[in-house]
Protein chains: 2
Amino acid sequence: MTATGTERPLTPAGRRVLDTASRLFYERGINTVGMDLIADQAGVTKKTVYDRFGSKDALVAAYLAARDRRWRAWVGEYTAAAEGPRERALAVFDALEAWMEGLDPRGCAMVNACVELTDPDHPGLRVAHEQKRWTRELFLGLAAEAGAADPEETADALLVLHEGAVVAYNTAGVRTAVRTARRVAGDLLSR
Amino acid sequence: MTATGTERPLTPAGRRVLDTASRLFYERGINTVGMDLIADQAGVTKKTVYDRFGSKDALVAAYLAARDRRWRAWVGEYTAAAEGPRERALAVFDALEAWMEGLDPRGCAMVNACVELTDPDHPGLRVAHEQKRWTRELFLGLAAEAGAADPEETADALLVLHEGAVVAYNTAGVRTAVRTARRVAGDLLSR
DNA sequence: AAGTAACCACACCGGTCGGTATACTCGCAG
DNA sequence: CTGCGAGTATACCGACCGGTGTGGTTACTT
């Protein structure tokens, strides 16, 4: 309830809890981080955590939603700054590279959530899936705008490159994965 | 110790444990499956599990190693059956598509392990990373064989497409992701 | 002055986690 | 016939899991 729907400004303690939870969930994984640890690290009692967020599931969903919001804004800046349809599509990869530069070796939080949250009804899964749907729609619009022969097919390809770059970077240690993906995407949009 | 190193033929109960654990770890996630559940489902006491595998970490590593062995053999069949260097490279994507056809919506076990296992010293991580390293080497050899201008760069691109296809399929619901990845890979190898 | 939202401290709940200990039975090889 | 590996059954361990309840203290409204 509190998670994604309403945009209540969050109390100071609530903010601290969400920030702390975000860091811990991302760095150590959702399932391995307990509510006790989050409360402790946030300098807050567990009671306060449950007063603000209601349940761990809701807190997880809030974490994912906040991160999603940040990511969309981040990408928006890059695509807005780019000139021309082809460059706007490639700007998504620039955004990704800059985003990942921030020392994360832990991959995409949404993908991780899909792996960690086994229960198909978990509220966090909807956030994760929605973000991937959004990304595909973004690519679809950009592909069409760039005059791709088959925008749907091109959007799929761009999404594959996008997701693959993150995974290749994080699990196979391919440090140049994003740049490689961008190059292939560029070829794709040139034909 | 017992996990990856030696190839002890596994006792009947040990087999049952490993098979059960493999299914549960993959379907429900490593962290959410307890040793009690594995023992129960395998029709075995927890004592037996620990007698055979020593620890959960070792059992996890054994699960990943077994799955890795199966995957390599699977890919080997496809690449061996293909004619010509270009087709051999694309055969990896055919292998992937056929592999995933087996009703899994849970993605790559190695990638999942990288997400779930936070401890950098976990023995399962080495198995997972080694499999990705192997896959990249496979692509590197095939790219060179196919006469790619820059085999390293091409191998990276093929790996990105490979990993991205699985993720796009499982988290974004792009059902044709593997075929799309294969098509882009084909373009890549034609130039 | 009264009410209320936000927080604190702390104690507690049933259940599960990974892992161990003890003691016993079975089949098989020396 | 004896020893041993493989397996059974059961009970236990401390730690942690998500979550609740009680009671009290601020601080800002109305």
Side-chain angles (χ1 to χ4, degrees), chain A residues 1-3 6-22 24-25 27-64 113 116-119 121-125, chain B residues 1-3 6-22 24-25 27-64 113 116-119 121-125:
Chain A
M1 276 292 148
T2 317
T6 42
E7 294 270 344
R8 290 245 249 39
L10 271 190
T11 63
R15 255 257 78 83
R16 246 154 55 224
V17 168
L18 185 55
D19 291 345
T20 305
S22 296
L24 290 173
F25 283 152
E27 291 176 1
R28 307 197 202 173
I30 293 170
N31 289 324
T32 60
V33 169
M35 296 296 269
D36 299 82
L37 178 62
I38 293 170
D40 281 356
Q41 296 256 19
V44 150
T45 53
K46 230 170 28 155
K47 184 67 164 46
T48 301
V49 177
Y50 277 91
D51 281 348
R52 292 304 124 234
F53 296 94
S55 70
K56 183 179 182 180
D57 286 359
L59 179 57
V60 168
Y63 145 62
L64 293 171
E116 291 204 84
L117 309 177
T118 303
D119 175 12
D121 295 328
H122 195 293
L125 279 185
Chain B
M1 277 295 146
T2 317
T6 42
E7 294 270 346
R8 288 245 249 41
L10 271 191
T11 63
R15 254 259 77 83
R16 245 153 57 224
V17 169
L18 184 55
D19 290 346
T20 306
S22 296
L24 290 173
F25 283 152
E27 290 176 1
R28 307 197 202 174
I30 293 170
N31 288 324
T32 60
V33 169
M35 296 296 270
D36 299 83
L37 179 62
I38 292 170
D40 281 355
Q41 296 256 22
V44 149
T45 50
K46 229 165 36 148
K47 179 70 161 48
T48 302
V49 177
Y50 277 92
D51 281 348
R52 292 304 122 234
F53 295 94
S55 70
K56 184 179 181 179
D57 285 0
L59 179 56
V60 169
Y63 145 62
L64 293 171
E116 291 203 87
L117 308 178
T118 302
D119 175 12
D121 296 328
H122 196 293
L125 279 184

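Per chain, numbering begins at 1; letters A, B, ... match sequence-line order. The model shown is predicted, which means the values in this text are computed figures rather than measured ones.
For the pair B:L10 CG and D:dG5 P, the interatomic distance rounds to 17 Å; values are reported in whole Å. Atom-to-atom, NE2 of B:H122 to P of C:dG18 comes out at 11 Å; the value is rounded to the nearest Å. In this structure, B:K46 places its NZ atom 14 Å from P of D:dC12, rounding to the nearest Å. When rounded to the nearest whole Å, the span between CZ of A:F53 and P of D:dG18 equals 15 Å. The distance between atom NZ of A:K56 and atom P of D:dC16, rounded to the nearest whole Å, is 15 Å. Counting to the nearest Å, the P atom of C:dC17 and the CG atom of B:N31 are 12 Å from each other. Rounded to whole angstrom, the span from the CZ atom of B:R16 across to the P atom of D:dG7 amounts to 8 Å. When rounded to the nearest whole Å, the span between CD1 of B:I30 and C1' of C:dG18 equals 15 Å.
For the pair A:F53 and A:G14, the tightest heavy-atom approach, listed with the atom from each and the gap, is CZ-O, 3.6 Å. A:E116 approaches A:G29 most closely through the heavy-atom pair OE2-CA, 3.4 Å. Across all their heavy atoms, A:A39 and A:T45 have their closest contact at CB-C, 4.0 Å.
A:V33 comes within contact range of the sugar-phosphate backbone alone, with a heavy-atom separation under 4.0 Å but no base atom that close.
Put simply, B:T11 has a side-chain N or O that comes within less than 4.0 Å of OP1 or OP2 on D:dG7. Within the structure, a side-chain polar atom (N or O) of A:R52 is placed less than 4.0 Å from OP1 or OP2 of C:dC7. Note on A:T48: every side-chain N or O is 4.0 Å or more away from OP1 and OP2 of C:dA6.
Once rounded to the nearest 0.5 Å, the distance linking CG of B:L37 with CD of B:Q41 reads 5.0 Å. Between the CD1 atom in A:I30 and the CG atom in A:L64 there is a gap of 5.5 Å [rounded to 0.5 Å]. Taken to the nearest 0.5 Å, the OG atom of B:S22 stands 9.0 Å off from the CD1 atom of B:I38. Rounding to the nearest 0.5 angstrom, the gap separating the OH atom in B:Y50 from the NZ atom in B:K56 is 8.0 Å. In this structure, the separation between OG1 on B:T32 and CG on A:D119 is 10.5 Å, given to the nearest 0.5 Å.
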Close N or O pairs between protein and nucleotides 27-30 of chain D (under 3.5 Å):
none

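Not a single donor-acceptor contact under 3.5 angstrom links the side-chain atoms of B:K47 to the base of D:dG7.
Each of D:dG7, C:dG19, D:dG18 was ranked by its minimum atom distance to the side chain of B:P12; first place goes to D:dG7.
Taking a 4.0 Å limit (strictly below) on heavy-atom distances, residues 36-45 of chain A reaches DNA chain C at A:G43, A:V44, A:T45.
Partners of B:R28 according to the salt bridge (charged side-chain N to carboxylate O under 4.0 Å, His left out) rule, which considers only residues two or more places apart in sequence or in another chain, do not exist here.
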